[in-house]
Structure formats: structure tokens, C-alpha cells
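To start, the structure under review is shown below, and the notes come after it.
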Amino acid sequence: MSSLAQKKGFGSVLWDWLTTVDHKKIAILYLATGGFFFVLGGIEAMLIRLQLAVPDNDFLSAGLYNEILTMHGTTMIFLAAMPILFGYMNAVVPLQIGARDVAFPFLNSLGFWLFFFGGIFLNLSWFMGGAPDAGWTSYASLSLYSPGPGIDFYALGLQISGAGTYIAGINFLVTIINMRAPGMTYMRMPLFTWTTFVASALILFAFPPLTIGLFFLIFDRMFGANFFDHTMGGNTIIWEHLFWIFGHPEVYILILPAFGIFSEIFSLFSRKRLFGYSAMVFATVLIGFLGFMVWAHHMFTVGLGPTANAIFAVSTMAIAVPTGVKIFNWLLTIWGGSIKVTTPMLYGLGFIPSFVAGGVTGVMQAAAPLDYQLHDSYFIVAHFHYVIVGGVVLAILAALHLYWPLMFNQMLDEKLGKITFWFFFLGFHATFFIQHFLGLMGMPRRVFTFVGDQGWDLFNLISSLGAILMAIGVIILIVNIVKTIVQNVPAGTDPWEDGRTLEWAIPQPVPFYNFKRTPLVRGLDTFWIEKQEGNKEGMSYAEPLSDIHMPNNSFIPFVMSVGLFVAAFGALYNGEKTWAVPVLVIGLGITLVSMGVRSWKDDHGYHIHKEDLMDDKGGKN
Amino acid sequence: MAEEIKYTPQTWPEHPETANLEGRNKFLGFWLFLGGETVLFASLFATFLALKNKGPEGMEFTTQSLFSEGLPLVFLMTMLLLTSSLTSVYAMYHMKNFNFRGVQTWMAVTVILGLGFLLLEIYEFNHYVHLGFHYSHSAFSSSFFTLVGTHGVHVVIGLGWIILLMLRNAKRGLSVYTAQKYYTASLYWHFIDVVWVFIFTVVYLMGVMG
Amino acid sequence: MGHDTQVVAQNKTQFEYARRKRSKAMQMQVVTFAIMIFLTFVAFAAVASGMSAFYVGPVLLLLAAVQVVLQLYYFMHMSDKGHNVAAFFLYSGALFGFTFVITFLTIVWW
Amino acid sequence: QEQISTLTPRGPVASEQFNLLLLSTAIMTLVIIVVVVIYVLALIKFRRSKVGEDTIPEQVEGNVKLEIIWTIVPIILLIILAVPTVWLTYTQAEVSGMDEVDAEGNKTALTVNVTAKLYWWEFEYPDLGIITAQELVVPTGEKVYFNLKAADVKHSFWIPSIGGKLDTNVENVNKFYLQFDKESEGLKDGVFYGKCAELCGPSHALMDFKVKTLSREDFDAWTAAALEEPVAPSSDLAVQGEELFVNAGCIGCHATSAAGTAGGQGPNVATFGDRNRVAGYLEHDAENLQNWIQNPQEYKPGNLMPSAADLNGGDDFTQDELDALTEYLMGLTIENK
Ligand code: HEA
Ligand code: HEA
Ligand code: CUA
Ligand SMILES: [Cu+2]
């Protein structure tokens, strides 16, 4: 945040945030909004665990439980984990490759606001007739049957926020392909950039099928189509396929950036080059590719027939190989290094055994006949929380500590950070390890209660107690954040002292135009190379100081997103309220007109002149 | 600023659409978008193939009964769209020659052909609805109208886009900035044609064969 | 972002040469177009002739594929340089899309 | 818990799956051990406090030999897992035995048609002409084939101790077989537990069923008894109950004879007295039965049985009426004919 912003009035600060197209600010927006949704999803998780702590509990009613369960899964995946990762990508990737900004700053802002309004829309369902209740997978027979507007909120909300994700995906792809600084060849890109790249490619190909599936659901529920109504010739299996064609790549969209974050952490805090860099890159791409060929492993019990099951079982197992390559390369990175256990590193060290445990249960589920037993039992719940919480969430928390100084020029408190880690980590294992056994002992998932004395009582209680430890961890984290912001001690450049990649070379606080002069990249871990060679500045430059071109701020992304938000209400009440269709039309109109305005005007941005760059303040803000 | 450069045919770059970073970004971004669109349409095709001829018990419509008669119409639509693809190539040809009038003229022809296609499609849909084969009639009808209709929506968007470009640039003329916009729009238009090739093959021709 | 636009004036011969090259290319486009019209015609004729679907089906798909390649490479200039990344992503999309179609044909109504 | 756990397989299908579980667990434990050993050693040996604050480690690029090892070894492990996986995938999908007939053209194997409905299960024995609900009765020691289908939304049919689940879809019939090797007599409640394993609405958690496994003779005796006329109510109270059952319209949804075909709006109650549970999950006693009849929604939210008030012209049943219904329903039996 530039110091100028603080002198402005509240109104203009707000305006600045609403119209910003600066990737660093959009990163903060993503992080804050995603963080909010993470706490929301976490509170929903706590309600789930409270309800299941004891048998025959009537703390939550059956219907309400299903709503909370659905919103927990949906919120965590779409509104918390993915956006927070986008936040880090936005904050780090352009700096890491030495770019001025992302390729499409305007679209970057549009992507954020679409996500934002989609998430708000989805959560308004709580106050407007009930939340969706068919699980985050929203299988078609139940989602068509489900009364009330909940499922409509789900379909429309995800459609809007999905559009935002799709835009963000294309944006990162183009940024990484076109905007790398001179010398930053593909095989010199830091792993976080690589994983962002592959995850974005997955978004590019995985979100269209979801879009189509959601359209079918919307048309079926609101506009009289018959895609999933079997009495009219429809077929619910189509939804299952479309959902999982999206859904499986989605989990890799989450885990790959997490892998990237840990790759940075291991090499940074071991003071060592990443072991087997090219194998790591290759494994990343391979995981991305295989990720599209395995979706039916979520459908082993649907009755697809032995041939389909066998093919998908074997292709699923294959993913263990490239993932294993990554694990072993990480181990060999810390092997022979100089390991400093900072908070981010602590998360990294917690990640390895946790994720491996989650990954291998995934391979067990890939054995189709065994999955007939495991599917839709608590074993599955245990598996995916091990990979998601033990992988993605640990990465999110690690990156929060790692990149906080980069984003805010402050250090989070290390001591509190480590306390958070231990609460969260122990709580996590207590909560989910035991769920493997619950599953094997016959407990199905998505049950709002269970009858006592089936051998499940104690394990469920332990699981719930573990969740409380996690919550304590999160609360300490929030305390840490508040404390750090209030104290506001500048962290300075290269706060972890062993920074290896370009983002650590940039002066703090980061100027809004990023690098004054485009850096020249001379190898993998370019900052490290420069430092080792005794370059005080820590950077070589590719060009002399010259004018910098900057994009203009714009309010249009916000307005476009509001338009879709409004239109969604029209679609939702179609056929029920007379004002529905006009509202739909007005909403779409707002979006289209603002698109037209954007297209009609020339927007060439502005330049910061060389002379202004010479004095330290930098150009206009 | 570069945008104010007054080009002459001699100074006009060979690839105006990718003459600067902004152009290259949009160019690449748009191609990636088309990659995503491929998957989008693949999902629609897959669904249509799974649901074609599926309906409530005793449904009288099949692809054969519906599309056999209309083949000449579909042929005509195909011709219109194919030709419009060529005319948009002409527009790009003139763009590379720095001939703004040529660009506008051929884009206009493209629009007219596209409108012709659209009218025929509306006529066709209307015909089916009159037969009783409306959107809510069956899974078959839903998947048919959604697949072909999504293509139709793309046509509408493409036309709207091109018209808007012609209007907004009427005064501005050609620059690297505007050339890039025309180029992307024409890519989009070709892609619409590509999709149509599959639609007439998979939906109509293979449908008629049963 | 105009500052990286290179403005280079061509001399007369270069200019004439480039112009000719472009009109050559345009002629190619027209030929391509003729081929596409022809292929379309063949496709419709094959169906109208009422031959067995067993033979005609694959032919139709082949004709469509050829047309699409023509469209991509000539009309959309994918053969020009600087299209590698674009081609890679387009083909990946096509490959995934193809997989979806196959599965929907085989394991939706089993 | 023998009656519900996958860890205590009581039939070949579950045993095969359990063996696969053991095999895969062994492989996975091996993987975890290898990873953890390297990890712990690295942590012990290479802490900065050990190697010295200012050490700059050697910047190794990688090692091709190692990369090959940790590609090949997992592949081998996966092949070891994949072979039995594919094998079982095919053998467990083998249902041709369903249509086998003997010399007289009678089916050689027992087939059960299972229809999952919003929160209850219907079991039809098409070759025997028997229909029951909520409690599946099967013979031990032989393959039993199942046709699975859902009537409203998707459910999934799962008996953990006997074998994995298979979904009941709305648009098609799924087939598989199970084999029950242990008589349920000695189990905790005298039955195996079955579950709905696919989210199907508010009462998904309560959509349980029970499985009674009998020796072949007992099973034959049971089928014979099922086809006989239902026993007449034995007491006055029960007769009163029967009348009420008819007059209040219960009979419209609940058939009381096990001879018949599928398609009931409510569970067939011919075996109600033999049951282990009321409505699939409540303790089988008079109190629960009466509560259920009075207000089903309170026990299974979203289920399709109307409350007593709706059936009885706006009034709840009186205690006497409830007692009569209870007497009647509890007297319906096949086992004790
Ligand atoms: C971040 C998210 C994430 C990740 C990374 C994974 C990773 C994997 N998942 Fe998971 N999965 C989910 C999230 C994730 N999953 C979710 C959310 C669901 C449930 C959705 C729902 O139904 O609601 C699910 C469900 C799910 C199922 C369906 C279960 C069912 O419903 O019946 C299956 C089945 O095959 C599966 C398999 C796998 C496999 C094989 C991997 C592999 O990628 C794991 C690979 C990793 C390793 C194997 C460890 C490291 C490797 C080595 C150390 C090498 C040596 C190893 C061996 C030789 C084995 N997952
Ligand atoms: C990113 C994904 C993600 C994450 C991070 C989590 C995190 C957690 N999940 Fe979630 N979960 C899913 C994705 C995720 N889950 C999905 C997809 C499903 C399937 C849904 C479905 O079946 O449809 C699921 C289902 C699911 C179930 C199964 C329910 C069922 O099948 O009936 C359970 C049960 O234990 C559970 C528990 C938890 C817990 C305890 C956490 C914990 O890790 C949460 C930790 C976080 C907190 C504890 C934060 C709380 C914060 C506070 C309390 C702070 C207080 C506030 C202030 C001071 C302001 N989850
Ligand atoms: Cu039926 Cu869950
Ligand atoms: Cu998966």
C-alpha cells in the first residue's frame, strides 16, 4: 500500500479499491475475501462437527445440516481455497517473472469482482429461502427434486464466480507466456510460476464443462428443459460426468499451486537449489494432463461397467508416480541443505507426511472394488481432508507467513505462527485420521446424525475435539494478523534473508509500477545468483530507465459484475414473480452496456515519465 | 505515444495485430479462450449425442423425421456461413494492405451473410416449435436447442461485436490498436464457422442417416 | 502499451514484394474456400444419396475434420509462425473434448 | 461390530474387498515408511543449528539415477496393486449367473429386485412372487443377484459386512451379486445392517435397512410361509386395528400380504411383526410405532407418509386407536405363522 493512499479520505480510498487494476491490490482483495469465506466455511465445519460429536444429536435439524454441509464444501472449495491461491498468484507471479503487471489488468479486476458477487449471491441464499442442500456435488436427481431456491442459488452463484475464475485462468496463462522478463526462459521459471501456469491451463479446460453442467441445471430448474429428467428422456449420469470432468481437475487446480508454494519454501529455507528442477516441472505438467483422464474414479459405484472402471482405476493410480517424483525431490532438496525451521518451513515440514498419507489413501480408493466399500463413507472424507487440509490449507497458511512481508511489508509474529501451526496440525490429524476407521466401520458420509452404539461414538467425539483445536489455531492466527497490522513494523527487502527468486529482490514497499527497470534474468534463482556474485543491488537490468506505461483504473468491472448479480435474481425468480424477467433483462443490460462502453472508449493508459522515476517517490498515484 | 503514429501503407507492420505487447497478449488470450470454447462445445456435443432421440415414452420425433426435409435449408445456411468466413478473410487482407475502406466493406458483407444465416436459423427453430418440438418437449429437444442455440448465440455475439467495431472505428480508422480488434473478431467468426461444420455434420447429416 | 511498437518503413521493393505475397496468400484462401464448398457439397450429396450409414458416417467425419483443418490453418493462420502455443492449447482442448464425447457415447447409457 | 463393519467381512465379496484393503494398506504403509525415514533423517542431520549458521550448501541440480529409481519403484508397486484390482473389477461384475436356468427352465439363482424410495427400501423376489420392505431376507452360502433401481432420486445400496455398494440410479437398473456366508441369528440384533450411501435428502441418514440371513432350509420355509394367506388377527384389539388400518386408508399405501408385486407407495407391512426396527431405524417397540404413526415427519423429515391428522380427518389418533393399530401391526408375521 502506498503511503499516499493513507492521506486520502475514506471515500477516495474506497473508490481506489473498487476501481483498482493493480495486481498487488487485487491480490489483497482476493486474500481478504477468500479469508473471510474461509472463516465462514470453517464455522460451518465446526457446526458439522458439533452436530456429529455425539450420537442422536438434535443440535441441527436434518434439513439444516444438509444446507450447512453443502455450503461448507462449496464455500471452502470455490470461495475460500481457490481465491486465496489466486491472491498469492496475483501478488507473486508478476514479480517472480519480472513483469510490470498481469497481461490484462482490466480483466484481472473483472475476475475478482465476478468471484466476489458470485460468492455473495451464493451466501444470500441463507437469508432468502434456504441454502442449497444437495451436497457440493449437487447430483442431478436430488438437485432437481430439492424444493426451495437453494439449488438455484448454487447454480447461478457458481456460474458467476466460475466466469471470474475462468477469466483469471486465461489472464495468468497469457501473463506467464508473454510477459516474462528477458532471460526468464520457461526452464528458469520458479516452480510457483510453473504450477500457476499448469493450474491455469486446468482452469481453461475444466471450467467450461462445469459451465455447461450448471447451465443444464439452471435450464432444467428454471426454464423447463429436460436434461436430467429421466421421465422425459433425460439422464442424470450426464450431470455426474460433467461435474467430475470439472471436479477432478479442480482438486489439482487447488493442489498444484500448493505444491508450487512448498517448492519455494523448501529451497528457500534449506538454502539450496530445488532438487531435480526439470523433473519437477515435468511432473507438474504430467499431473495436469493426467488430471483430465481420471474423473470417473468418483463414479466407480455408478455402474459404468467393469471396463470403464478398470480403465479409470489404472489411470488414476498412474498419478501417484509424478506426485511421488515431487515428494522425493522435495526430500532431496532438504537433504544436504541447511534447514531453518521458520513458520513457513514448519508448515512445509508438516505438509510432507500429511499429504503423503492423504495421497496414498487416494490410491487405495483408486482400486475400484475396494472403492465399492470406501465410496461415500467417512474414509473418503478422511482422504480428501488429508490432501486438502494437509496439502492446500497448510500451503495457504504457509504462504500467508511467507508472503505477508512481500504483500504488506510486515512480518507476522513467528512465535504465534508456530503456536498456530501446532494447534492446527495436531487438531487436523486428530480430526481426520480417525475418520478413516469410521469409514471402514461402515459410517456413511453426509449423515446428519447416527444411531449410538455402533462403535462410532468415541471416534466421532475425538474427531470433533480435534476440530476445536483447529479452530483455536485459526483464532490465534487472526490475533497474530491483527497484532501485526497494528504494530506495523516495516520488514524491508528480502526479509527471509535467503530469498532466491525475483520477487524478493524488489524494494519494499513495492512501488505500484513494480520494477523500475525490467530485470535481466541470468538463471534459475536469479536473485540468489546475483547475491552470490556480490551484486549489492541484487539485480541486473535488461534495459535503461525509460517511461513506464500503466493501465488506468476502471469502475467498469465492478458494474459489469453487479449487472450479472442483478440478472441472477431475475433468473432465480423466473416463473414465480412478475418482475423476474424485467430484472433479468435489466441486469444483463447493465453488463452489456458497460461492456459496450468499455469497448467504445479508447483506453490507452498513461505513462510515468522517466524524470518522475528518478526521484524516489515515483510517478503519479 | 505510439497510438498516435500515423501509419502509411509503407510503415504499416506486416502483422498489425501482434505489433505490440498489448496486441500479442490479446491475440494469445483470445486463442486460449478458443481452446476453452472447444471444450465447451465438446461438452454440448457429447450431451447432444447422449440424449438425441431420447424423450418421454412414445415420442414421435427422431433426428431423421425432423431433419430430413430441412437438409437443403441447412445446406444454404452452411453456404452462407462459409462464405461469410471468406469475406472476413477478405477484410483481413485489406487490413494488412492498410485499406480501411476494404476492411469496413468486407466486414459489412460478412455481417449481412451472418444475418442471413441467423434468419434462416430462426425460421428453422420456429418451424420445429410449430411441429410441437419445443424446448421443453423432451431431453432430445432440450439438448438440440441448447447445442444449436449456443452456436446461434455465438453468431449473435459475433455480429454485435463486428457491428460495434465498424461503428466505433468509422472515425478512428486503422491503427495497431484497432487492427488488433478486427483481427480478434474475425478469429471469433472463423471459430463459429468451425463449430458449425461439426453441427451440420454431427447433428444434421449424421442425424438424418440415423 | 504502445512504446514497444516498432515503426519501420519499408522501401519500395520490399513493399511491392510484401503486397504481392499477400495477394498470393489471398488467392490461396480463395482456393481453400472452393475446396471447403466442394467438401460440404460432397457431404450433403453423400447423405442425400441414401448410402449406408456405415460407410458414410466415417466419411462425413473425415470431411468435417479436413474442413476444420483448412479453416484453422488457412483462414485462421495457424500455419503462420507465432502460433505454437495457440495450437498446443487448441489441440489439448480438442483432445480432452474428444475424450468427453467418447465417454458420453459409451458410458452414459450403458 | 460384526453386523456393520467392512473390517469383518461375512461373505466372499466383502472378503475379496477386504483382502484388497490389506494389500493396498501394506503397500501404502511401505511408501509412508520410506518417505518418513528419509524425512526424519534429513531433519536430524541438516538443521541449520547442526550445519552451522553460515554454511552455504552445495547447489546440486539433481540426479538422474535417483529420478529413475523413484519413478520405477512406485510403478512396480502400482502394478502389484493394479493386477488384483482389474481382476476383481471384472469378476465382481459377473452377473450372467442371474439368467441361468435349470433343465425345467427355472432360475437357478435367487434374484432380488431392490427399489430404493424416499427413505425406505422395497425388496421384490420376482421369481417367487414375494414382496417385502425394509428387511431383506436371503439364504446363506449362495450367490444372490440384485437388480437395483431408484424410484425417485438416486440412492445407493450398501451392506458393509457383505460387500461394497452399488448405486440405485433413476434411469437404469444396476446388477450385481452378493453372497452371505453367515446366518444373522447370533449377531447383536440378529441382523446385518444396510445403509443408503448416497445423499438423498434430509432423512438420508435414517434410510437404513436390515438383512436377515437364513440357512437354505429356513429360507425355503420362510418363502413358503410368505406365500400363504396372512394369519388372521388373533385378538379383538387386533381386529379393531385391522379395521382402522383399512378405514383410515393405511391400506392404500401399505399392502399387508407378502404375495404380490412391487410398486407400493409405502412399505409392505406383511412382516412387520418380525421386524427389527420401525421405519428402518427406530427401536422396534410399541411406543416408537405409535409416535411414528402419529407424526412421521418428526422422525424422518421429508418422508412421504402423511401424519395421523391428515389421514384421520384432522385429528390425531386416540390412544385406543393407536393401541389397536399397534396390536394389529405387531401381529403381522411370516416367521411365526
Ligand atoms: C487437493 C485435493 C485432492 C488431491 C490432491 C487428491 C489426490 C488424489 N485423489 Fe482424491 N479426492 C479429493 C481431493 C483430492 N484428491 C476430493 C475433494 C474428493 C471427494 C469429492 C467428493 O466426493 O465430495 C476425492 C475423492 C477421490 C476419489 C473418489 C472416492 C470416492 O468417492 O469413491 C478417488 C478415487 O480414486 C481419489 C483418488 C485420488 C488419488 C489417486 C490422488 C492422487 O493424486 C494422490 C497422489 C499422491 C500420492 C500417492 C502420495 C505421494 C506419492 C508417493 C510417495 C509415491 C509412491 C506412492 C505409491 C506407489 C502409491 N480421490
Ligand atoms: C478447501 C476445502 C475444505 C476445507 C479447508 C475443509 C475443512 C474442514 N472440514 Fe470439510 N469438506 C469439504 C472441503 C473442505 N473442508 C468438502 C468439499 C466436503 C464435502 C461436502 C459434501 O459432502 O458435499 C467437506 C465435508 C466435511 C465433513 C463431512 C460432512 C458429512 O459428510 O456429513 C466434515 C466432517 O467432519 C468436515 C469437516 C471439516 C473440518 C473440521 C475442517 C477444518 O479444517 C476447518 C478449519 C477451520 C476453522 C476451524 C475455522 C474456524 C474459525 C473460527 C471458529 C474463528 C472464529 C471466528 C472469528 C474470531 C471471527 N468437512
Ligand atoms: Cu437414500 Cu440416502
Ligand atoms: Cu478425483
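Per chain, numbering begins at 1; letters A, B, ... match sequence-line order.
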B:H137 portion near chain A, given a 4.5 angstrom heavy-atom threshold: backbone
Part of B:K181 lying under 4.5 Å from any heavy atom of chain A: side chain
Output the option from [options] having the highest count of non-hydrogen pairs under 4.5 Å with chain B.
options	value
A:F223, A:F207, A:F216	A:F216
A:P208, A:A206, A:G213, A:G234	A:P208
A:H230, A:K601, A:M232	A:M232
A:P209, A:A201, A:S599	A:S599

pair A:V21-A:N552: side-chain heavy atoms closer than 4.5 Å: no
Side-chain touch A:F106/A:D603, heavy atoms, less than 4.5 angstrom: no
Most contacts with chain A, counted as non-hydrogen pairs under 4.5 angstrom, among B:R172, B:H134, B:R168, B:K54: B:R168
Chain A interface, residue from B:L167, B:N169, B:T150, B:T178 that has the most non-hydrogen pairs under 4.5 Å: B:L167
Ring-face cation contact, A:Y513 with A:R100, 6.0 Å cut, 45° max: no
Is the [X] ring parallel, tilted or perpendicular to the [Y] ring (thresholds 30°, 60°)?
X	Y	value
B:Y204	B:W196	tilted
B:H94	B:W106	parallel
A:Y186	A:F197	tilted

Rounded distance [0.5 Å steps], CG in B:L119 versus CE in B:M77: 10.0 Å
Under 4.5 Å from any heavy atom of chain B - which part of A:F228: neither
